[in-house]
Structures are given as C-alpha cells and as structure tokens.
Amino acid sequence: MADRVHPHDSPPESPPSPTENPPREPQSPPKPALPAQDKPVPPPLTYVIQLPKDQVYRVPPPENAKLFQRYTRRGQRRGSPCCCIFLAVAAFVLLVGAAAGLFYLILKPEPPKYAVDGVAISGVDLNTTSAMSPEIILAVRAENPNDKIGIYYLGGSSVNMYYDAVRLAGGALPAMYQSSNSYTVFNVTLTGSDVVLTSDSLRGLTAEQSTGSVPLKLTVKAPVKFKVGAVKTWKITVKLSCDVTVDKLTASAKVVQEDCDYSVNIFK
C-alpha cells in the first residue's frame, strides 16, 4: 500500500554530504602584502626618520673638535691643584704688599746716608815696582734719619779700596747698633799685602798726585737688620760704592771729592 503524500509537507532535508563545503563566514578584504625588506621592521608606535648620509655629523663637528678639547682642558685646569697653589701664592703676595704699603705709610722710612770724612794712606811707594803692603785708615760716616727705625750692623761685612781695578787694601766694619735719628763714624783700618802696581799705574799715580787729584774706589758690603719697636727684620745686605778723590797717597791725605751711592738687597 502506497504512502500518503501530503502536499503541504516538504520533504525532509537531507544532511549535507561530506563533500560539500560548509558555508563561509564574511571576511575582511585581504591586506596588500608589503615588499620584503632587508632591515628589521621597527615595533609598533616607532617612528623611523631617514636622513641623507652626508648630513649626519659627529658630536662635536670636525671643525669644532679642537675647540671642544680646549674648553674641556680649561675646565679641568680650573680645578687642578696647581691652580689652587697659584691662587694661594697670589693672595699671600697681595697681603705682603698691603702690609708693606701700610708699613711705609705709618713709618715713612728714609734711606741711610753715607759719606767718607777722612782717609790716611801709608805703605805706598811710587818709586818702586816691588810688592807693597798698603794701610788705609778710613772714617766713614753713617747717618740714620729715621724717627722709629734702628739699624743693626752685623758681622761679616767687607770693605775694599781700589785704584784702577787694583785692590790696594781691605777690611770690615765693626758690628754695632745705630739708634734712630743719629749718625755714627766708622773708623775702619784696611790692610793689603803683596800689592804690585804696573809701571803704567805708577806713572799715572805720580802724575795724578802732582795735580792733587788721585781717584780711588771704595766698596762696602754690609749685612744689617732694621729694628722697629721690638721687631727685627731678617738679614738685609747694604751695598755701598763711593768714588773718593784724595790729594795725595800719604798719612796726611785729604778728601778732595767723594760721591757715594748704595743699594739694598732685601733677600740676602
């Protein structure tokens, strides 16, 4: 007996066969493929800026490299120990200069004055070329015009008398103290030995003695200390140079003309 077929009943759907493709879901359009690159691709949110190679400079630029090194060395030099020592020495010199200026303004020191008051000469024979032993007695006057400064003349001085670069005799000043606003006469005995004058020197001395004008040279080198109140300075060297003209080379010689000049070396 045949099955009844209802006209309104749709035939049952047959299950999909395994060969049929399942329905596809809608997909976004495919992205275009990027060309292959040799360089690594930067991560997201990274900007890559490309510059021409000839615009890439070193730091500092080549033309400023020497200037950069100079400024770098200058900065290092400012903090070096040598710079600190230099500043300390400069400050010390300024302080000493200020103290010396104050000392000068308060005390107003004046240089001492020297003169040769008398000369007595013996033992010089102008009629022989043999060796002589001259003896010269000097009276050297030293004046201290300062109101608040005294002068200590120390041992170790030297006094010499010359004629035409030939040393006739030598000696030393006595050690003593000279108070302020005073003058002192040093009586100094100079002696010489084995002094030989050339024939030219003897002829010159004879001619000059006949005119009553014999030029001699006196040099003095004396270590001293200055005293201000209870304070004494360090050892200072006074050098004296005098052109002395006498009328003759005898014990009764007289000083015709004299001119003395002196210098001070504060570090010796």
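Treat the numbers as computed from the prediction; the structure is a model and nothing was measured.
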Trainee: Just wondering, are more than 12 heavy atoms of other shown residues or ligands nearer than 6.0 Å to OH in Tyr183?
Mentor: no

Trainee: Applying the side-chain hydrogen bond (donor to acceptor under 3.5 Å, both in side chains) criterion to Asn181, which one of Asn144, Asp147, Asn146 satisfies it?
Mentor: Asp147

Trainee: Is there a continuous path of hydrophobic side-chain contacts, each under 4.5 Å between heavy atoms, that joins Tyr162 to Val159?
Mentor: no

Trainee: Using the rule that two of Ile, Leu, Val, Met, Phe, Trp, Tyr join whenever any of their side-chain heavy atoms come within less than 4.5 Å, decide whether Val185 and Tyr177 are in one cluster.
Mentor: no

Trainee: Would the distance check show the side chain of Ser182 and the main-chain N or O of Ser179 forming a donor-acceptor pair, the cut-off being under 3.5 Å?
Mentor: yes

Trainee: Where do Gly155 and Ala175 come nearest, in terms of heavy atoms and distance?
Mentor: N-CB, 4.1 Å

Trainee: Between Tyr114 and Cys260, which heavy-atom pair has the shortest distance, and what is it?
Mentor: O-CB, 3.8 Å

Trainee: Kindly indicate, with the supporting measurements, whether the criterion side-chain hydrogen bond (donor to acceptor under 3.5 Å, both in side chains) is fulfilled by Ser252 and Thr250.
Mentor: CA-CA 5 Å; Ser252 59; Thr250 63; 3.3 Å; yes

Trainee: Looking only at atom types and distance, does a side-chain atom of Glu143 sit under 3.5 Å from a main-chain N or O of Thr184, one as donor and one as acceptor?
Mentor: no

Trainee: Does Lys217 make a cation-pi contact with Tyr163, if we ask for NZ or CZ under 6.0 Å from the ring centre and within 45° of the axis?
Mentor: no

Trainee: Which atom names give the shortest non-hydrogen contact between Arg167 and Val195, and what distance separates them?
Mentor: O-CG2, 3.8 Å

Trainee: For Gln178 and Tyr153, what are the C-alpha separation, side-chain angles and deciding distance, and is it a side chain to side chain contact (heavy atoms under 4.5 Å, CB included)?
Mentor: CA-CA 8 Å; Gln178 184 179 19; Tyr153 288 89; 3.5 Å; yes

Trainee: Taking the side chain from Ser157 and the backbone from Leu173, do they hold a donor-acceptor pair closer than 3.5 Å?
Mentor: yes

Trainee: Taking Thr233 for its side chain and Phe226 for its backbone only, find out whether a donor-acceptor pair lies under 3.5 Å.
Mentor: yes

Trainee: Quick one: are Ile137 and Val119 in side-chain contact, heavy atoms under 4.5 Å?
Mentor: no

Trainee: Looking at Tyr152, does the NZ or CZ of Lys227 lie under 6.0 angstrom from its six-membered ring centre and within 45 degrees of the ring axis?
Mentor: no

Trainee: Tell me whether Val166 shares a hydrophobic cluster with Ile121, the cluster being built from Ile, Leu, Val, Met, Phe, Trp, Tyr side chains joined at under 4.5 Å.
Mentor: yes

Trainee: Tell me every residue that passes side chain to side chain donor-acceptor pair (under 3.5 Å) with Asp117, counting only those two or more places apart in sequence or in another chain.
Mentor: Arg141

Trainee: Identify the heavy atoms of Val255 and Gly118 that sit nearest to each other, and give their distance.
Mentor: CG2-CA, 4.1 Å

Trainee: Are Leu205 and Val196 linked, directly or through intermediate hydrophobic residues, by side-chain heavy-atom contacts shorter than 4.5 Å (ILVMFWY only)?
Mentor: no

Trainee: Side-chain heavy atoms under 4.5 angstrom apart, residues restricted to Ile, Leu, Val, Met, Phe, Trp, Tyr: same cluster for Leu216 and Met132?
Mentor: yes

Trainee: Apply side chain to side chain contact (heavy atoms under 4.5 Å, CB included) to residues Ser213 and Val256 and explain how you reach the verdict.
Mentor: CA-CA 7 Å; Ser213 178; Val256 177; 5.9 Å; no

Trainee: First locate atom CG of Leu218, then atom CG of Asp243, and finally report the distance between them rounded to the nearest 0.5 Å.
Mentor: 9.5 Å

